[in-house]
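Below, chain A is the first sequence line, B the second, and so on; all start at residue 1.
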Amino acid sequence: MISAESVVEAMQSILATLIPRFEWALAAAFGSELTPGAPLVAIASNPKFGDYQSNVALPLAKSLAQPPRVVAEQILEHLQVDDLCLPPSIAGPGFINLTLQPTFLASQIQQIQASPRLGIDPVADPQRIVIDFSSPNIAKEMHVGHLRSTIIGDCIARILEFQGHDVLRLNHVGDWGTQFGMLITYLSEAYPTALTTSEALELGDLVAFYKQAKQRFDTDEAFQMRSRQAVVQLQQGDPKATQAWQLLCGQSRREFAKIYDDLEIKLTERGESFYNLLLADVVSDLDKAGLLATDQGAKCVFLEGFINKQGNPQPLIVQKSDGGYNYATTDLAALRHRITQEAAQRIIYVTDAGQANHFAQVFQVAERAGWIPEAVQVVHVPFGLVQGEDGKKLKTRSGETIRLRDLLQEAVAHAQADVKTRVAKENRTESSDFIANISQVIGLGAVKYADLSQNRTSNYVFSYDKMLALQGNTAPYLIYAYVRVQGISRKGNINFADLGEALTLSLEEPSELVLAKHLLQLQEVLNEIATDLLPNRLCQYLFELSQKFNQFYGQCPVLQAADPTRTSRLVLADVTARTLKLGLSLLGINVLERM
RNA sequence: GCGCUCGUAGCUCAGCGGAUAGAGCAGUUGCCUUCUAAGCAAUUGGUCGCAGGUUCGAUCCCUGCCGAGCGCGCCA
């Protein structure tokens, strides 16, 4: 039988505590072999029904041939939850509603407050997880298209790292392939010093050359031939080509680093070139597996379930007719490397939804070749387009791609304008460092939050005005809630770390109870996100937390209250602030002490 | 033509097979001698694209249709 001790000993989510209670009650009431047909417990769909609810009685009614309310009554007869809940009730057709006891809430909040990790222990079974994200192309500037992958990938990595997993963040940069043949061929004609002298080119120049090279490639057949030849040379390790390539990569890398530094994102660069020596084996091993075919001079695997425009099975090309390899080959090589060399148990690809087919095809081929062991999960995490307000792919007014650098700078500039207006309106004097710091944190936080707070699968309309609006479901609103708590500690000279250990909390006001209950749900939310990889759920949680805190703040004076209420409220405020800080940090967003 | 994703309030979006579908913004109305009003409270606003089906129960799952976006042989 499950005892109450298990709850108190190891802090675990309320759901994780309640589920075995229901399992036990069901087994006791009806025997252990029945299948519930619904989740045993869930967070209540509406606060007026309580805090948690169980709907199992409804699906069970049929198989047990009893009215659902009768089934619910039998479950309640065996359900032991009096250590954490008020007496459960049956409502409507047979819902079981549970409400947490204030004293239980208080003890849980107290445990969270005493814990540096807010009561969330690392997972018992840490996994080796590879996350492939950001992945800009060398010789091109990072642009809006890289924003979502970079931000979403970083957020997923932070959450899994916090849970205690061993995460390898890989930047699969485009540092190989046709584009380099193109660029090297073009530069050797137009600007040969760039291929032999480091820092001969700014990244901006490189981008301009890239465009010219691309145009030649698309219109000049002879140039195209020479470019393809150059790729093959590079892939065969020709020293001159290799040197030129390294210079180009170095140039781009320095530019990327500035953006990653600003965004505080850490990545291990392991570009396509890394897998060069493994490509030939991919093709020969596919051959050995009996999957390889040759079609129009290209080596390929014909896919199951993919039909081309002519109605024929579609191939995945792994070696082009000119002998070169392409991104499918590289992705297959990378996949194998991550499984065999990195011992990855879970491999996550954060790229735009447009690549869904590509990954489905690569995964299929790897699967059929027997390269993906049963225990390894390989998953594409797609996200929608960044659109302009016209609903089309985002461009500048003149039709150019927006540089990520410009986008971030503009966000910070907007934030700074807002801060200055506010400081002036309140007749405050603040140092320029103070203003610069606030602008940076808010501007970058707003960009990240606007992106992460959308369900990633849908397209996302990019609007400076909406993203930088400092009201509503935005980063500044959340940061402001945090700042309000710090305001309390400054005003009252409170050191939250010194509130003492043997506190007795008393939670009575509705807004205190609502806030406390929400604080206890972080672990459940994180567990969900670790499975579904949907960061917007964390945003939703933090936004609701901020709303609930602001309601509490408006209704419950903290510093003026008498003890034990005063201390209880201080603890609630402290736990709220630390939850916000932790949650925001998992989104890659900083907090401010004052704003 | 085929595939993937999406369609929820005026706008931008949440919504995990459950009870009367929720936020934010915009609109209307209150609240600053009180821990920062970047806040709070109240209020208006819905044929969940359409039609079937599965289910005790469907915004959610299945089928068909309509509409939008993206992709579909040697770019990544």
Side-chain angles (χ1 to χ4, degrees), chain A residues 37-39 42-46 48-49 53 55 58-59 61-62 68 91-95 97 135 137 172 174 176-179 182 214 217 272 295-300 305-312 314-322 324-328 330-331 351-358 360 382 384-385 387 391-393 418-419 422 426 428 442 453-455 457-461 463 466 469-474 476-477 479-481 483-485 487-492 494 528 532 534 536-537 539-540 543-544 547 550-551 553-555 557-560 573 594-595:
Chain A
I43 290 175
S45 60
N46 188 319
K48 75 181 173 192
F49 301 133
Q53 67 180 60
N55 306 332
L58 286 88
K62 199 166 191 184
F95 300 110
N97 291 335
S135 307
N137 291 317
H172 191 78
W176 211 235
T178 312
Q179 70 216 26
M182 219 166 75
K214 175 87 168 100
F217 186 84
E272 295 169 347
D295 196 67
Q296 296 170 35
K299 291 184 177 161
C300 56
F306 290 90
I307 304 296
N308 67 14
K309 287 176 190 168
Q310 288 75 43
N312 301 317
Q314 196 179 314
L316 182 73
I317 293 174
V318 291
Q319 188 166 18
K320 299 184 282 184
S321 50
D322 63 10
Y325 303 104
N326 60 9
Y327 73 132
T330 308
D331 278 338
T351 80
D352 68 276
Q355 296 190 49
N357 273 338
H358 167 68
L385 270 188
Q387 299 174 311
K392 303 261 161 127
K393 204 166 175 173
D418 288 333
V419 171
R422 187 173 148 78
E426 294 173 358
R428 288 156 56 185
I442 290 182
S453 59
Q454 308 260 337
N455 183 326
T457 55
S458 45
N459 290 346
Y460 148 49
V461 175
S463 148
K466 283 183 177 145
L470 301 182
Q471 284 162 348
N473 187 5
T474 63
Y477 178 85
I479 295 171
Y480 181 60
V483 164
R484 283 185 136 178
V485 177
I488 293 174
S489 92
R490 275 194 301 276
K491 181 87 175 189
I494 308 292
E528 241 179 53
D532 300 343
L534 290 172
N536 65 301
R537 298 225 171 116
C539 296
Q540 187 71 26
F543 176 57
E544 286 170 9
Q547 282 184 313
N550 278 328
Q551 287 157 9
Y553 185 89
Q555 287 165 27
V558 177
L559 295 173
Q560 295 96 317
R594 207 159 64 80
M595 65 193 271

Note to self: So A:Arg422, base contact, sugar-phosphate only, or nothing? Heavy-atom distance under 4.0 Å.
What the structure shows: base
Next item on the list: May I ask you to say what A:Gly492 touches in the nucleic acid, namely base, sugar-phosphate or nothing, with a heavy-atom cut-off under 4.0 Å?
Entry: nothing
Margin query: I'd like to check the ring pair (Phe, Tyr, Trp, His ring centres under 6.0 Å) partners of A:Tyr460; sequence neighbours left out, ordered by chain and number.
Written below: none
Check: Which nucleotide, B:G73, B:G24, B:G39, lies nearest any side-chain atom of A:Pro315?
Finding: B:G73
Notebook entry, point to check: When all nucleic acid strands are considered with a 4.0 Å heavy-atom cut-off, which category describes A:Gln296: base, sugar-phosphate, or nothing?
Noted result: base
Check: Which is true for A:Thr457 with a 4.0 Å heavy-atom rule: it touches a base, it touches only sugar-phosphate, or it touches nothing?
Finding: sugar-phosphate
Next item on the list: Mind checking A:Asn312 for me? I need base, sugar-phosphate or nothing, with any heavy atom below 4.0 Å counting as a touch.
Entry: nothing
Notebook entry, point to check: NA contact type, A:Ala91, heavy-atom cut-off 4.0 Å: base, sugar-phosphate, or nothing?
Noted result: base
Next item on the list: May I ask you to say what A:Asn459 touches in the nucleic acid, namely base, sugar-phosphate or nothing, with a heavy-atom cut-off under 4.0 Å?
Entry: sugar-phosphate
Checklist line | B:A41 OP1/OP2 closer than 4.0 Å to side-chain N/O of A:Gln551 | finding: yes
Next item on the list: Answer with yes or no whether A:Gln53 presents, from its side chain, a donor or acceptor under 3.5 Å of a partner atom in the base of B:A19.
Entry: yes
Notebook entry, point to check: Taking atom types as they are modelled, is there a donor-acceptor pair under 3.5 Å from the base of B:G17 to the side chain of A:Asn55?
Noted result: no
Margin query: Can you confirm whether A:Gln547 sits close enough to A:Tyr477 that some side-chain heavy atom of one is under 4.5 Å from a side-chain heavy atom of the other?
Written below: yes
Check: Quantified in whole Å, what is the C1' atom distance between nucleotide B:C25 and nucleotide B:U43?
Finding: 16 Å
Margin query: Once you apply a heavy-atom cut-off of 4.0 Å, does A:Lys214 come out as touching a base, just sugar-phosphate, or nothing?
Written below: nothing
Next item on the list: Just call it for A:Asp418: base, sugar-phosphate, or nothing, with non-hydrogen atoms closer than 4.0 Å on any strand.
Entry: nothing
Next item on the list: Using a heavy-atom cut-off of under 4.0 Å over every strand shown, decide if A:Tyr553 touches base, sugar-phosphate, or nothing.
Entry: base
Note to self: Need one value for A:Tyr327: base, sugar-phosphate or nothing, where a base atom within 4.0 Å counts as base even if backbone is also close, heavy atoms only.
What the structure shows: base
Item checked: Phosphate contact (B:C35 OP1 or OP2) by A:Tyr480 side-chain N/O below 4.0 Å -> no
Could you run down the sub-3.5 Å N/O contacts of the protein with nucleotides 31-33 of chain B?
none

Next item on the list: Report the stems of RNA chain B as range-with-range entries sorted by first number; a stem here is at least three consecutive pairs, Watson-Crick or G-U wobble, both distances under 3.5 Å, and write none if there are none.
Entry: B:1-7 with B:66-72, B:10-13 with B:22-25, B:27-31 with B:39-43, B:49-53 with B:61-65
Margin query: Mind checking if A:Leu559 touches a base, just sugar-phosphate, or nothing, with heavy atoms under 4.0 Å?
Written below: base
Next item on the list: Remember a base hit wins even if backbone is also touched, and classify A:Val558 as base, sugar-phosphate or nothing at under 4.0 Å, heavy atoms.
Entry: base
Check: So which nucleotide from B:A19, B:C74, B:U36 ends up closest to the side chain of A:Lys320?
Finding: B:C74
Check: Is there side-chain contact between A:Ser321 and A:Gln296, with at least one heavy-atom pair below 4.5 Å?
Finding: no
Check: What nucleic acid atoms does A:Ser321 come within less than 4.0 Å of, heavy atoms only: base, sugar-phosphate, or nothing?
Finding: base
